[in-house]
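Chain letters run A, B, ... following the sequence lines, proteins first and then strands; every chain starts at 1.
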Number of protein chains: 4
Amino acid sequence: MGEAAARGRKSIGAKRNPESADAIIEAAEGVLREAGYAGFSIEAVARRARAGKPTIYRWWPSKAALLIEVYQRQKRVETPDTGNIEDDLAGFLKNLFAHWRDTPSGNIFRSLIAEAQSDGTAAAALAEYSKGRRGHTGRMIERAKARGEVAADVDAGIVADLIASYAWRHLLTDRLDEDDAMIRAAVRYVVRGIAPTP
Amino acid sequence: MGEAAARGRKSIGAKRNPESADAIIEAAEGVLREAGYAGFSIEAVARRARAGKPTIYRWWPSKAALLIEVYQRQKRVETPDTGNIEDDLAGFLKNLFAHWRDTPSGNIFRSLIAEAQSDGTAAAALAEYSKGRRGHTGRMIERAKARGEVAADVDAGIVADLIASYAWRHLLTDRLDEDDAMIRAAVRYVVRGIAPTP
Amino acid sequence: MGEAAARGRKSIGAKRNPESADAIIEAAEGVLREAGYAGFSIEAVARRARAGKPTIYRWWPSKAALLIEVYQRQKRVETPDTGNIEDDLAGFLKNLFAHWRDTPSGNIFRSLIAEAQSDGTAAAALAEYSKGRRGHTGRMIERAKARGEVAADVDAGIVADLIASYAWRHLLTDRLDEDDAMIRAAVRYVVRGIAPTP
Amino acid sequence: MGEAAARGRKSIGAKRNPESADAIIEAAEGVLREAGYAGFSIEAVARRARAGKPTIYRWWPSKAALLIEVYQRQKRVETPDTGNIEDDLAGFLKNLFAHWRDTPSGNIFRSLIAEAQSDGTAAAALAEYSKGRRGHTGRMIERAKARGEVAADVDAGIVADLIASYAWRHLLTDRLDEDDAMIRAAVRYVVRGIAPTP
DNA sequence: TCGTAAGCGAGACGGTACGTCCTGTCTTCAG
DNA sequence: CTGAAGACAGGACGTACCGTCTCGCTTACGA
């Protein structure tokens with residue numbers, strides 16, 4: 001599939017051809033997987049997808065936009081619900097690190113963050129995406145609050161921030177193989193810090 | 001000084017000309033300050049420093065190397081010693097955010113992180129640098145341990161990691177104007193989490 | 001009329017819509033008038049005519065074909081009949097230069113000649129057109145022959161060629177503002193050269 | 001030589017590399033010869049010369065500039081001096097037509113004229129070149145004047161114009177295989193027209 | 001009377017070329 | 001014998017057109 005299927009692909013009239021879109025996204029993923037962010041250029045993607053550059057620019061105005069869509073097509077990492085906040089967060093981080101380590105997702109997200117340092121639209125998109133994820137992690141905290149594991153006056157957003165920051169930095173400094181015990185220790189420090197005072 | 005002084009600078013014979021090196025580093029800093037990472041190219045630096053590109057490549061084999069040297073020339077942010085770990089860490093983060101916000105340092109460090117995502121030498125340099133900083137922040141924790149504010153079995157490295165991660169993410173997502181109260185809350189969560197159990 | 005009227009123009013069933021054809025030709029003329037040959041593209045014409053590109057390609061298989069039809073819609077320059085061959089030819093050239101200078105015709109014809117240098121159909125069309133014009137100018141010579149102003153054995157086609165060539169070159173080298181006296185001198189040299197030997 | 005020799009060609013320091021310039025001009029000539037004006041693009045020339053596009057743009061700011069230099073590298077057509085103006089001019093045209101027909105020169109010059117219809121710099125360059133050629137042909141006339149074959153008050157420039165125009169139009173309408181007798185007749189008409197009145 | 005066939009505006013498609021910017025390497029030459 | 005200067009091959013950028021295609025619609029015409 002993908003590059004091969006692209007052979008002979010044509011327009012399907014005055015509307016977007018989903019085959020082309022798919023081929024382009026798959027090609028983008030392939031380029032990132034095989035050549036990394038350094039080799040990720042619109043030209044390379046177009047070549048691999050057997051698509052014209054303007055077709056890419058028509059739908060994704062910047063490298064960042066394409067990167068985001070590629071990232072969003074990736075499988076989501078599952079967030080456990082063990083009934084215990086420490087296990088939930090440690091499990092989530094473990095899953096996330098494994099996901100980033102073993103699929104192209106990690107490379108893609110790293111690239112997106114890097115791109116955001118020089119491209120405003122990437123920055124905006126990343127901010128948007130982060131907001132969504134913050135809510136997601138926030139729900140874990142809220143559940144724990146309901147169970148009485150977390151003090152009622154704790155700001156779930158800040159906790160989510162701490163956890164996400166920890167993950168980002170491990171991604172950006174190539175430490176996704178972090179020891180489980182270390183992850184758990186980091187989580188424990190935070191979880192203790194937000195526990196209700198007895 | 002700087003770009004201006006470069007006018008007419010000439011070779012000083014069979015050794016590295018420190019005037020040139022200075023002019024190049026200052027030009028690099030200037031480019032980063034004014035055009036950001038997006039506009040940071042060897043060409044731009046050479047143009048601004050009135051230097052030849054090969055002169056730059058001779059001494060800094062990659063953009064990353066130049067970036068690192070530029071970053072290391074920056075003033076360090078001071079780490080307070082208030083006798084209280086929460087105040088120490090919150091003050092440190094406040095100072096750090098202000099430093100990154102108000103000097104080119106923020107732009108430079110962001111660029112270095114971005115560069116590290118596609119350049120191995122930048123990644124290595126960044127890892128090296130981070131190790132040093134971890135020790136540095138770690139000492140704050142160790143002092144607190146000595147004062148009995150922090151449990152003895154706490155891994156200072158992990159705490160330093162959490163704090164640094166929080167800072168990085170704010171830098172990378174353009175949130176250096178974070179409210180003091182928020183910073184303090186985040187710090188408090190961690191500080192409480194590592195306090196000795198009574 | 002023209003671009004404005006095009007708004008909302010639709011198919012009128014299974015036959016060519018003359019409104020569209022007109023709008024396209026007028027748009028083509030407009031583009032040539034305002035942007036010259038350099039700006040003359042099928043896209044630009046379609047945009048201005050509010051027509052689809054395929055509608056243009058359906059009826060004019062190439063830029064050349066459209067150019068030819070546009071040129072043929074132009075008003076012809078009038079050929080004086082003063083009873084004197086020198087006045088006839090000089091007047092004709094003067095009129096022709098003015099026509100080319102003051103209407104889009106000049107731009108269009110220049111474009112057609114240029115196009116003919118890389119497009120065979122344009123070349124063929126131009127040859128066809130030139131043959132017609134040669135006959136036309138030839139008649140001026142024949143009239144003069146009948147009046148005894150021109151030797152009987154003169155080849156009218158060659159004379160027409162000389163006159164047309166002179167005109168073309170002035171068009172192609174932007175010398176349509178040539179002095180009347182110069183034009184008349186050129187004509188006189190030829191007219192004398194074909195006069196009957198006394 | 002040419003494309004082959006280009007393999008591995010490098011800069012020779014802070015000055016123009018004549019090997020590159022040669023390779024580019026030869027490649028340009030080759031492209032024109034084999035693909036004609038329609039296939040003449042800077043990309044194609046760069047590809048064939050194994051040169052970077054910027055190297056071409058550095059020295060020839062437009063297609064026209066390159067075209068002109070290519071044309072000027074061509075062998076000049078020789079202008080006979082038979083002592084008789086009719087023979088001189090007819091011989092010159094015959095030679096010119098043969099030259100244009102049998103070498104790439106014809107294609108190149110046609111292309112240059114076409115280019116001049118949409119590119120101002122080409123037009124200017126062509127005007128400049130034409131001025132030079134007009135003087136050249138003019139000298140044939142002046143010689144004839146000195147011999148008493150041509151009236152003293154004849155404007156040599158206008159005669160040169162007539163002759164050059166005749167040649168251009170034959171080039172542009174693909175009639176370089178014109179019969180010698182026809183050429184001679186055209187020349188005779190003009191020569192008679194500028195002979196001194198007895 | 002109605003189905004069908006063709007023309008229409010629209011615009012996406014795979015491509016090619018544009019002219020610019022940058023990369024990292026190379027050579028020359030002034031000092 | 002260094003270092004500045006800048007040319008070089010190459011490749012990516014984002015844009016403009018090319019000529020082709022299909023869509024969804026409208027209308028004329030033949031069955």
D:W60 CH2 to F:dC8 P, straight-line distance once rounded to whole Å:
9 Å
Whole angstrom is fine here: how far is it from CD1 in A:I56 over to C1' in F:dT15?
14 Å
Which is more 5' along DNA chain E, the nucleotide nearest D:Y57 or the one nearest C:A21? Just name the residue.
C:A21
Can you check the B:I24 CD1 to F:dG3 P distance for me, whole Å?
10 Å
Can you find a side chain N or O atom of C:R47 that sits less than 4.0 Å from OP1 or OP2 on F:dC17?
yes
The residue, B:A44 or D:A44, whose nearest nucleotide of DNA chain E is more 5′ is D:A44
How close do C:E19 and C:N17 get, counting heavy atoms only, and between which atoms?
N-OD1, 2.9 Å
For F:dA4, take OP1 and OP2 only and decide whether either is under 4.0 Å from a side-chain N or O of B:W59.
no
What integer distance in Å separates C:D119:CG from F:dC17:P?
19 Å
Using heavy atoms to find the nearest nucleotide of DNA chain F for B:T55 and D:E43 separately, return the residue whose nucleotide is more 5′.
B:T55
B:K63 side-chain N/O to E:dG24 phosphate OP1/OP2 under 4.0 Å:
no
What do the steps show when you test D:I113 against C:I113 for side chain to side chain contact (heavy atoms under 4.5 Å, CB included), and what is the final call?
CA-CA 9 Å; D:I113 295 172; C:I113 295 172; 5.8 Å; no
Distance check needed: E:dA10 C1' versus C:R48 CZ, whole Å only.
20 Å
Would you say D:K15 reaches E:dC29's phosphate, i.e. side-chain N/O to OP1/OP2 under 4.0 Å?
yes
Whether B:R50 contacts F:dA4 is assessed here as follows: a side-chain N or O lying under 4.0 Å from the phosphate OP1 or OP2. Is that the case?
no
Any N or O donor-acceptor pair linking the side chain of A:S11 to the base of E:dA12 at under 3.5 Å?
yes
Spacing of C:I42 atom CD1 relative to E:dA10 atom P, expressed in whole Å:
16 Å
Take the protein atom CG of D:N17 and the nucleotide atom P of E:dT28, then report the distance between them rounded to whole Å.
10 Å
A:Q72 side chain to A:Y129 side chain, donor-acceptor N/O pair below 3.5 angstrom
no
For D:R58 and E:dC22, what is the distance between atoms CZ and P respectively, to the nearest whole Å?
14 Å
Tell me the closest heavy-atom pair linking D:A64 and D:L112, and the distance in Å.
O-CD1, 4.2 Å
Check: E:dG15 base within 3.5 Å donor-acceptor of A:K53 side chain
no
Base, sugar-phosphate alone, or nothing: which one does A:S20 contact when heavy atoms must sit under 4.0 Å apart?
sugar-phosphate
Nearest-nucleotide 5' precedence on DNA chain F, B:P54 against C:F40
B:P54
So, do C:D119 and C:K63 sit near enough that their side-chain heavy atoms are less than 4.5 Å apart?
no
